[in-house]
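Structure first, commentary second.
Side chains included, hydrogens not; waters and symmetry mates left out as well; all remaining heavy atoms used.
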Amino acid sequence: QVQLVESGGGLVQAGGSLRLSCVGSGRTRSSYVMGWFRQAPGKEREFVAAISWSGSSTYYADSVKGRFTISRDNIKNTGYLQMNSLNPEDTAVYYCAAHYRIVVYTTAGAYDSWGRGTQVTVSS
């Protein structure tokens with residue numbers, strides 16, 4: 001399995017931006033879908049965005065569509081989540097995840113590998 005490490009979280013004011021990164025190591029030669037999920041205190045983990053191995057297909061939760069952009073650089077084994085127009089409802093721990101299936105899944109149960117998460121806090 002690929003090992004994943006997130007970075008780039010922090011504290012930002014409402015309306016601000018952050019860029020999360022997710023570096024993969026280990027089984028990176030095999031094609032894998034990369035996804036981002038988030039979990040706020042007292043809430044279930046929820047899907048944020050996902051991207052196919054080639055980068056040609058991307059999927060977003062309705063709550064972030066138009067504000068967040070997922071991308072990846074397979075040469076660097078790194079995925080990114082650009083987050084703009086952040087609001088306090090975006091406050092959560094953000095997790096990077098990967099799975100090796102052909103179809104891009106948006107459910108957490110389909111993902112085989114997970115990072116430890118990075119905290120994003122948006123102040124009002």
Test log, rule ring-ring contact (aromatic ring centres under 6.0 Å, His included), inputs Tyr105 and His99: CA-CA 8 Å; Tyr105 287 96; His99 73 70; 5.4 Å; yes
Stepwise ring-ring contact (aromatic ring centres under 6.0 Å, His included) check, Trp36 with Tyr94: CA-CA 7 Å; Trp36 288 93; Tyr94 283 70; 7.4 Å; no
Residues Phe68, Leu86; criterion side chain to side chain contact (heavy atoms under 4.5 Å, CB included); working and verdict: CA-CA 9 Å; Phe68 291 11; Leu86 286 161; 3.8 Å; yes
Candidate pair Tyr32 and Arg72, rule side chain to side chain contact (heavy atoms under 4.5 Å, CB included), full reasoning: CA-CA 11 Å; Tyr32 60 92; Arg72 67 189 299 166; 3.4 Å; yes
Verdict with supporting geometry, Gln119 and Thr91, side chain to side chain contact (heavy atoms under 4.5 Å, CB included): CA-CA 8 Å; Gln119 176 71 47; Thr91 295; 4.1 Å; yes
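In terms of heavy-atom proximity, Val120 sits nearest to Gly9 at CG2-CA, 4.1 Å. Taking every heavy atom of both residues into account, Ser31 and Tyr100 meet most closely at O-CD2, 3.4 Å. The minimum heavy-atom distance linking Pro88 with Ala14 is given by the pair CD-CB, 4.2 Å. The minimum heavy-atom distance between Val12 and Leu18, with the atom names listed, is CG1-CD1, 4.1 Å.
Here the straight-line distance linking atom OG1 of Thr106 with atom OH of Tyr59 works out to 9.0 Å at 0.5 Å rounding. Here Cys96 contributes atom SG and Tyr80 contributes atom OH; the two are 11.5 Å apart, rounded to the nearest 0.5 Å. Separating the CD atom in Gln13 from the OG1 atom in Thr121 is a distance of 13.0 Å, to the nearest 0.5 Å. Atom-to-atom distance recorded for Arg38:CZ and Tyr95:OH is 13.0 Å, nearest 0.5 angstrom. Taking OG of Ser25 as the start and CG of Leu4 as the end, the distance is 7.5 Å to the nearest 0.5 Å.
Phe47 and Val33 fall within a single hydrophobic cluster, where Ile, Leu, Val, Met, Phe, Trp and Tyr are joined by side-chain heavy atoms under 4.5 Å apart, directly or via other members.
The number of heavy atoms from other shown groups lying within 6.0 Å of NZ (Lys43) does not exceed 12.
The aromatic ring centres of Phe37 and Trp114 sit less than 6.0 Å apart.
Applying the salt bridge (charged side-chain N to carboxylate O under 4.0 Å, His left out) test to Asp112 and every residue at least two apart in sequence or in another chain returns Arg101. Residues forming a salt bridge (charged side-chain N to carboxylate O under 4.0 Å, His left out) with Arg45 (at least two apart in sequence, or on another chain): none.
With hydrogens and angles disregarded, no donor-acceptor distance shorter than 3.5 Å links the side chain of Ser113 to the backbone of Ala97. Ser52 places a side-chain N or O within donor-acceptor distance of the main-chain N or O of Ser57, the cut-off being under 3.5 Å.
The salt bridge (Lys or Arg N to Asp or Glu O under 4.0 Å) contacts involving residues 1-22 comprise nothing, where partners must be two or more places apart or lie in separate chains.
Residue Met83 is tested with Asp90, Val48, Leu20 for a side-chain contact (heavy atoms from CB on, under 4.5 Å); the sole match is Leu20. Screening Asn74, Val2, Val104, Ile51 against Met34 for a side-chain contact (heavy atoms from CB on, under 4.5 Å) leaves a single residue, Ile51.
Put simply, the side chain of Gln82 does not reach to within 4.5 Å of the side chain of Ser71, judged on heavy atoms.
Checking Thr78 against Asp73 by side-chain atom types alone, no donor-acceptor pair falls below 3.5 Å.
In this structure, Arg67 fails the cation-pi test against Tyr60, since its NZ or CZ atom is not both closer than 6.0 Å to the six-membered ring centre and inside 45 degrees of the ring normal.
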